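Count residues from 1 along the sequence. Note that the structure is predicted; figures quoted are calculated from it, not measured.
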Amino acid sequence: MKTYKLDQPAAASNHLDYDRDLNDQQRQVVRAGSGPLLVIAGAGSGKTHTLTYRMAHLVDRGVDPRNILLLTFTNRASRSMTSRASSLVGLNVTRLWGGTFHSTAHRILRRHAGRLGYPDDYTVIDREDASTLMKACISDADVGHLERRFPRASVLVNAYSFARNTGRALENVLDERYPYFAHLCHPISAILNVYEIRKKQMGLMDFDDLLINWQRLLTEHDEVHQVLASRFEYILVDEYQDTNHIQGVIIDEMASVHQNLMVVGDDCQSIYAFRGAEYRNILEFPERYPDCREFRLETNYRSTPQILDLANRSIAHNSDQYEKTLRADRPEGPAPAHVHLRDANQQAAFVCQRILELVDEGLQLEDIAVLYRSHHHSMELQVEMTRCEIPFVVRSGLRFFEQAHIKDALAYLRFLYNCRDELAFLRLVRQWYGIGQKRAQRIWRYLSDQPDTLSAVDDEGLLQKLPGRAAGSWQSASKLLVELRTQRLAESPDILLQTLLKSDFRDHIHSSYENADNRISDLEQLANYAAQFESLDTFLGQISLLTGISGQEIGVGPVQDDQYVCLSSIHQAKGLEWTAVFVLNLAHGEFPHRRALEEELGMEEERRLFYVATTRARDELYLCHPFKASRRGGGPVIQRESKFVEEIRDECAADGSELPWEDWRIEG
């Protein structure tokens with residue numbers, strides 16, 4: 001099959017005007033010839049625009065669209081780029097192979113799955129179906145799942161997925177990410193073996209199988225490898241810094257014949273290591289392709305020079321990166337504000353007041369975002385925004401008090417306050433090992449028939465009615481409930497939550513949820529928040545008022561139904577932008593996270609996360625530093641400035657340059 005050399009002149013399409021539509025750096029990328037190309041595309045530099053024109057240029061120069069492969073991380077991005085490229089060249093570019101890694105794998109496997117022992121009509125199962133099957137395999141394997149601390153099916157699915165996508169041994173993944181279950185490596189391996197057998201017998205593939213089987217076709221079947229690698233003359237990969245180990249291997253195999261591989265990404269925006277992304281893929285690309293040519297896209301069309309100055313100064317402290325400097329295409333704007341605040345409550349009050357001022361100045365709610373490192377950083381703000389009737393949407397998931405692990409903990413407090421609350425009781429009792437829906441209902445019927453439901457939780461009569469596993473589990477549950485029952489009138493709600501967190505309830509969090517440590521941090525923050533309430537009644541009353549907001553007014557007039565301030569984790573905000581951005585809890589140990597402070601690689605990823613946060617802002621950026629934090633069992637703790645702020649402040653003091661922000665101190 002012919003490889004086209006793009007350096008040769010050809011008649012350009014009337015729709016393509018490179019001088020008008022592209023800057024110098026973008027034109028160099030679009031018009032680059034054959035061979036491996038590495039494009040380091042800074043935030044807001046027109047990466048998608050450049051990729052689109054590159055595709056259009058290929059087709060305009062005579063490459064058959066069917067011989068082009070575009071790999072993206074969303075099908076929507078692929079459709080948008082191919083549609084736009086089609087309009088530029090006046091041809092049906094949508095004939096090219098474009099889509100996510102998984103959708104492309106599925107398309108290939110539909111033709112070749114039989115070579116791997118799968119039926120042609122194999123079925124792809126989602127995470128929910130995978131968890132259902134894994135649950136059955138836990139029972140079928142019969143290798144220790146009766147142990148109280150055994151992980152639930154969904155946790156096993158996630159752990160196994162991480163191991164497969166990163167190419168790491170299960171034992172290592174358990175040691176580093178799930179140390180709570182590290183001693184169960186042998187029985188877990190046995191269960192995963194059953195899971196693999198059952199999938200094959202049923203003609204099923206999960207999402208991870210799609211990638212693994214695509215790789216197997218390329219590495220185990222030379223004839224398939226030759227057909228696929230020969231067909232695709234040009235391969236373009238978007239967001240290359242987010243690829244994982246197996247995706248990196250697939251890309252290299254697919255490009256092995258023609259070597260016409262263009263990868264586009266920004267190592268400074270590689271923030272998904274917790275999902276298995278391997279940023280070494282982009283850093284080591286020149287080592288794997290020694291004859292590759294490197295390009296930089298450094299003109300930023302999103303942010304003001306002041307915001308980019310701050311972002312550039314911060315990311316310069318990372319040593320493991322491709323050096324680049326973002327340059328603004330926009331005029332001067334206001335300096336970012338580093339806002340010194342008393343505590344999280346004043347932080348919430350400031351953000352709400354400033355949002356109202358911005359709206360009064362003509363900004364739309366949808367042009368404003370509040371970003372944070374950890375979900376619990378937004379808790380006080382969600383409370384204050386609800387009180388101020390400022391509509392908001394949480395992009396990082398559910399609102400804080402609607403998350404499952406928060407509701408699990410609150411179920412205990414609701415039952416203590418109102419022992420007739422059957423819903424709360426059924427939620428808390430099903431958290432205990434060996435107690436399912438039917439047994440929970442039987443326990444509830446026994447308790448509700450007693451004169452005092454709460455006093456009956458440790459009745460011997462109830463214990464005798466339960467079978468072995470459930471009896472042992474209920475004995476632990478009732479012991480906890482008795483302790484909480486004793487405390488409920490004498491202690492504040494934060495003490496009740498502390499008691500809960502010191503109990504076997506932690507086993508439930510570890511066994512039931514991914515990222516258990518983060519969820520426990522959420523619960524610890526919930527206990528800190530509860531300390532300001534004198535009684536269980538007032539605390540639960542406050543929580544009940546936070547289930548919704550009126551959305552009718554925000555103090556400056558009517559609000560459209562689709563107008564909301566966006567609250568988002570920084571991870572979820574990547575690729576988005578807003579006119580005004582607030583970054584919460586820029587304090588030492590919070591952002592960067594205390595665990596990251598212990599290792600250099602962790603700090604570099606946290607700094608990349610800060611870089612992503614700052615470059616989401618177009619015009620206004622507010623960096624919030626709460627000076628004090630509450631800690632359970634003690635008084636307020638003084639919080640240092642974030643390491644990201646300190647290092648720039650020290651640098652400016654050393655060289656005599658001006659700070660890239662204004663320091664604001666809030667009164668009141």
*When you measure from the side chain of T50 to the backbone N and O of G46, does any donor-acceptor pair fall under 3.5 Å?*
yes

*Does the side chain of N281 pick up a donor-acceptor pair with the side chain of R288 at under 3.5 Å?*
no

_Do Q215 and E253 pair up side chain to side chain, a donor and an acceptor below 3.5 Å, judged on atom types alone?_
no

*Have H258 and S34 got a donor and an acceptor in their side chains that come within less than 3.5 Å?*
no

_Side chain to side chain, P336 and I307, heavy atoms closer than 4.5 Å_ = yes

*Okay, side chain of S303, backbone of A617: is any donor-acceptor separation there less than 3.5 Å?*
yes

_Show the nearest heavy-atom pair for residues V89 and A56, with the distance to one decimal._
CG1-O, 3.3 Å

*Distance-only polar pair, side chains of E606 and Y611, donor-acceptor under 3.5 Å*: no

*Which residue pairs pass the ring-ring contact (aromatic ring centres under 6.0 Å, His included) test when at least one of the two sits in residues 297-330, sequence neighbours left out?*
none

*For N244, does its backbone N or O pair with a side-chain atom of Q247 as donor and acceptor, under 3.5 Å?*
yes

*Please identify each residue that fulfils ring pair (Phe, Tyr, Trp, His ring centres under 6.0 Å) with H593, with sequence neighbours left out.*
none

*Short question: side chain of S80, backbone of A77 - any donor-acceptor pair under 3.5 Å?*
no

*Main-chain N/O of E233 paired to N260 side chain as donor or acceptor, under 3.5 Å*: yes

*With N312 via side chain to side chain donor-acceptor pair (under 3.5 Å) - residues at least two apart*: none

_Test: salt bridge (Lys or Arg N to Asp or Glu O under 4.0 Å). Region: residues 257-272. Which pairs qualify, not counting sequence neighbours?_
D266-K324

_Between N518 and N515 (side chain of the first, backbone of the second, donor and acceptor by atom type, cut-off under 3.5 Å), is there such a pair?_
no

Please tabulate, one pair per line, all N/O donor-acceptor pairs under 3.5 Å involving side-chain atoms of residues 112-119, not counting sequence neighbours.
| residue | atom | partner | partner atom | Å |
| --- | --- | --- | --- | --- |
| R115 | NH1 | E223 | OE2 | 2.5 |

*Could you tell me the separation between the CE atom of M262 and the OH atom of Y240, rounded to the nearest 0.5 Å?*
13.5 Å

*Could you give all pairs that pass the salt bridge (Lys or Arg N to Asp or Glu O under 4.0 Å) test and reach residues 76-94, with sequence neighbours left out?*
none

_Is the terminal nitrogen or CZ of R66 (NZ for Lys, CZ for Arg) located under 6.0 angstrom from the six-membered ring centre of W97 and within 45° of that ring's axis?_
no

*SB check R616 E577 (cutoff 4.0 Å)*: no

*Scan side-chain atoms only and decide if Q572 and S568 contain a donor-acceptor pair under the 3.5 Å cut-off.*
no

*Got a salt bridge between D206 and R127, using NZ or NE/NH1/NH2 to carboxylate O under 4.0 Å?*
no

_Are more than 12 heavy atoms, taken from residues, nucleotides or ligands other than D329, located less than 6.0 Å from that residue's CG atom?_
yes

*Taking NZ, NE, NH1 and NH2 as the nitrogens, is one of them in D140 or R198 under 4.0 Å from a carboxylate oxygen of the other?*
yes

*asked:* Could you work out, with ring pair (Phe, Tyr, Trp, His ring centres under 6.0 Å) as the rule, every residue matching Y195, not counting sequence neighbours?
replied: none

*Within the side chain of Q321, is there an N or O that forms a donor-acceptor pair under 3.5 Å with the backbone of I315?*
yes

*Could you check D208, D129, D209 and say which one makes a salt bridge (Lys or Arg N to Asp or Glu O under 4.0 Å) with K199?*
D209

*Got a sec: does the CG of L576 have more than 12 other heavy atoms crowding it under 6.0 Å?*
yes

*Apply the side chain to side chain contact (heavy atoms under 4.5 Å, CB included) test between Q25 and each candidate in L22, N23, V29; give the one that qualifies.*
N23

*Do R27's NZ or CZ and the ring of Y53 fall within the cation-pi criteria of under 6.0 Å and 45°?*
no

*Over all heavy atoms of both residues, which pair between R618 and D367 is shortest? Give the atoms and the distance, please.*
NH2-OD1, 3.7 Å

*Kindly assign one of parallel, tilted or perpendicular to the pair Y272 and H571, based on the angle between their ring planes and the thresholds 30° and 60°.*
tilted

*asked:* Would the distance check show the side chain of N300 and the main-chain N or O of A43 forming a donor-acceptor pair, the cut-off being under 3.5 Å?
replied: yes

_Could you check whether K47 pairs with D238 (Lys NZ or Arg NE/NH1/NH2 to Asp/Glu carboxylate O, under 4.0 Å)?_
yes

*Pair listing, salt bridge (Lys or Arg N to Asp or Glu O under 4.0 Å) test, anchored in residues 304-313, at least two apart*: D309-R313, R313-E651

*Looking only at heavy atoms, what is the nearest atom pair of R54 and V30, with distance?*
NH1-O, 3.1 Å

*Would D120 and R111 pass as an ion pair if we require N to O under 4.0 Å?*
no

*For D175, check salt bridge (charged side-chain N to carboxylate O under 4.0 Å, His left out) against everything at least two apart and list the hits.*
none

*Counting only heavy atoms not in E196, do more than 12 sit closer than 6.0 Å to its CD atom?*
yes

*Are side-chain N/O atoms of N75 and S103 paired as donor and acceptor at under 3.5 Å?*
yes

*E605 versus S270, side-chain donor and acceptor atoms under 3.5 Å*: no

*Got a sec, which residues hit side-chain contact (heavy atoms from CB on, under 4.5 Å) with A159, two or more places apart in sequence or on another chain?*
Y178

_Within the 3.5 Å criterion, strictly below it, is a donor on D252 or Y289 matched to an acceptor on the partner's side chain?_
yes

*Kindly give the heavy-atom pair with the smallest separation between G265 and Q241, and that separation in Å.*
CA-OE1, 3.1 Å

*Step through the shown structure and confirm whether more than 12 heavy atoms of other residues, nucleotides or ligands are within 6.0 Å of CZ on R327.*
yes

*Measure the shortest side-chain to side-chain distance between T243 and F101 over non-hydrogen atoms and say whether it is less than 4.5 angstrom.*
yes

*How would you list, by chain and number, every residue that makes a ring pair (Phe, Tyr, Trp, His ring centres under 6.0 Å) with Y122, sequence neighbours excluded?*
H106

*List for me each residue that meets ring pair (Phe, Tyr, Trp, His ring centres under 6.0 Å) alongside H245, sequence neighbours excluded, and say none if there are none.*
none

_Just checking K200: does its NZ atom have more than 12 heavy atoms from other residues, nucleotides or ligands closer to it than 6.0 angstrom?_
yes

*Quick one: does N67's side chain have a donor or acceptor within less than 3.5 Å of a partner on V63's backbone?*
no

*asked:* Can a donor-acceptor pair be found, under 3.5 Å and without considering hydrogens, that links the side chain of R177 to the backbone of F162?
replied: no

*Should the pair F610 and F644 be assigned to parallel (<30°), tilted (30 to 60°) or perpendicular (>60°) ring geometry?*
parallel

